[in-house]
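Positions are given from 1, in the same order as the sequence printed here. All ligand and atom numbering here is 1-based and tracks the order in the structure.
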Amino acid sequence: MKQNNTRKPSKRLRQKLLIYFLGFSAIILGALWLMQTVFLDDVYRIIKTIGIEQSADYISENIDNYNITAILDDIHRQNDMHIDVYDTTQRVNFYHLYTSREERDLSTDYMPHQLRNYYNDAKEKGGEKLFLEEYTSVKGGKKTPHMPQSEHLRVKNMTCVRILQDGDMELMVVLRWAITPSASTVATLRFILIIITILLALLSVTMSLIISWKFAKPLKDTNETAKRLAREDYSVSFESYGYREVEELNSTLNFAATELGVASKLRKELIANVSHDLRTPLTMIKGYAEVMRDIPGEMNEENLTAIVDESTRLSNLVSDLLDISKLQSGAMPIDKKIFSLTTCISDILSRFTSLSLQQGYSLSFESSEEVFVFADKARIEQVLYNLISNAVNYSGERKEVIVCEKLADGIVRVEVTDSGKGIEPEKLKNIWDRYYRADKNHQRAVVGTGLGLSIVKEILDLHGAHFGVFSKVGEGSTFWFELPVYNEN
Ligand code: ADP
């Protein structure tokens, strides 16, 4: 399917961060503006309610204090709150005991009927009541007939009336507080808000520049190094640092670079090996055929056998290559059947009989009983053949190969042991890799494509079988694998 490549190119990190920061600042500023314009009155009222209640409580606690007048003066001065205290013991006439108002403010004294209402309402509510009152005041204090409407100020007051008992005396405390923020307060808040707006905008730009630089720089470095890797420079090292994610990315890329380097080296080795392996039998076949064509009397069985042997070697190599690519691409499904593993091993060993007779190899098979397994017979034969032929090829001077079948807990373990020179420990983990050959000197005496064990590994992996190798340099190697025994019950 064709990829749709119409996606718009993404924005740079710096642009994105700037957008996010500005968005974040806009939300904060929006909330602040909203607080000031829409909710300021409400917030002010809540704060004032708490304040007036606390003052009333404080007065209640200290009403019998001989210093009460000084306390009331203090509260008035600190909070700009009007306080009046009346003696209401007589009920009929309220006697004004205390006022925080100054001489010139006495005109704003409460009217007697208003005081009576306060008293009745507070009594009804159990001794305390809060009133919210609103009235129009005038800038500068005096109202003139032609004064424009805009000069009038709507003022909101909160009045807290509390009735207290001081010995035999009943007292009524009236606290009054303006709850409309003054024009100067509003102007100050507005000014502060403008400064905050400018500061936040500047901060957003600076922060997005600094952060994008900090974040983008290591990524840019990594990208530059990755470009070198893409141009097949496997010696690159990803070293940019700054934060954990980029360091983890770099260590993954370093690992990938090493792996790619190894794979590329193996590929080159394979091309060298395979081309050598392909060319040698082809040259020999051609040579023998030409000799047989051109020289009378050379058309003999010996030469024909040489041609047949070389063709076999060639066809083995080609089929190994085909097998491994099919196995790895999943094009070779596993076809499981029940078969006798013991018979299978004997059959394969018998293929090597002529070898043992001609070249003095000793191949033996140790088995206690016939074992059946449920597996892909052809593929398991391939595994056994590859392991046994490796054992033969690498068995060294002693030419001894032992195949052993062991049973334990419903599992059959097949071991192929040779008496060869063994494999060095550091090379052990690589022998299952494709095209890996422990001995880099490509010796034709030892037949092999470097694919045998990777085919074994693929097949055993597809069966979910355990497998492995023990090897001791100078003593030999034991390759093993395990399969579950097929039990009819
Ligand atoms: P090859 O075709 O070269 O034998 P394999 O994949 O079968 O390829 O084996 C990979 C390498 O593992 C061999 O080149 C050899 O170095 C090593 N090897 C495999 N089997 C043995 C063994 N029985 N003894 C020693 N070395 C072995």
S.K.: In chain order, what residues pass the ring-ring contact (aromatic ring centres under 6.0 Å, His included) check against Y361, with sequence neighbours excluded?
M.R.: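 Scan of Y361 (ring-ring contact (aromatic ring centres under 6.0 Å, His included), adjacent residues dropped) gives none.
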S.K.: Give the atom numbers and elements of ligand 1 that come within less than 4.0 Å of a heavy atom of L451.
M.R.: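 That gives atoms 6 (O), 8 (O) of ligand 1.
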S.K.: Under a 4.0 Å threshold between the charged nitrogen and the carboxylate oxygen, would E381 count as salt-bridged to R379?
M.R.: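 So R379 does not pair with E381 through a salt bridge.
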S.K.: For ligand 1, which atoms sit closer than 4.0 Å to a heavy atom of G452?
M.R.: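 Every atom of ligand 1 under 4.0 Å from some heavy atom of G452: 5 (P), 6 (O), 7 (O).
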S.K.: Below a 4.0 angstrom heavy-atom separation, can you tell me which part of N386, side chain or backbone, both or neither, approaches ligand 1?
M.R.: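 It is neither; nothing of N386 touches ligand 1.
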S.K.: Are Y394 and F479, when compared by the centres of their aromatic rings, separated by less than 6.0 Å?
M.R.: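 No: the rings miss the under 6.0 Å criterion.
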S.K.: Indicate yes or no: does an N/O atom of L453 lie under 3.5 Å from an N/O atom of ligand 1?
M.R.: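 For ligand 1, there is an N or O atom that lies under 3.5 Å from one belonging to L453.
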S.K.: Do we see a donor-acceptor contact under 3.5 Å between the side chains of E405 and S368?
M.R.: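 Side-chain D/A pair, E405 to S368: absent.
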S.K.: Under a heavy-atom criterion of less than 4.0 Å, does S477 contact ligand 1?
M.R.: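 True for this residue.
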S.K.: Taking 4.0 angstrom as the limit and counting only heavy atoms of I431, give me the atoms of ligand 1 inside it, by number and element.
M.R.: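 Answer, ordered by atom number: 10 (C), 12 (O).
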S.K.: N/O to N/O below 3.5 Å, does that happen between S454 and ligand 1?
M.R.: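 So ligand 1 has no N or O lying under 3.5 Å from an N or O of S454.
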S.K.: State, without any angle test, whether N250 and E239 hold a side-chain donor-acceptor pair at a distance under 3.5 Å.
M.R.: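 No, no side-chain donor-acceptor pair sits under 3.5 Å.
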S.K.: Which of the atoms in ligand 1, numbered in the order shown and given with their element, are less than 4.0 Å from a heavy-atom of F479?
M.R.: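 Near F479, meaning under 4.0 Å from one of its heavy atoms, ligand 1 has 20 (N), 21 (C), 22 (C), 23 (N).
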S.K.: Under the ring-ring contact (aromatic ring centres under 6.0 Å, His included) test, which residues partner Y288, sequence neighbours left out?
M.R.: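 So Y288 forms no ring-ring contact (aromatic ring centres under 6.0 Å, His included) with any residue.
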S.K.: Measuring from atom 23 (N) of ligand 1, which candidate in V473, D418, N390, I423 has the nearest non-hydrogen atom?
M.R.: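 Going through V473, D418, N390, I423 one by one, D418 has the nearest heavy atom to atom 23 (N) of ligand 1.
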S.K.: Are Y243 and F215 an aromatic pair, judged by ring center distance below 6.0 Å?
M.R.: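 So the answer is yes for these two rings.
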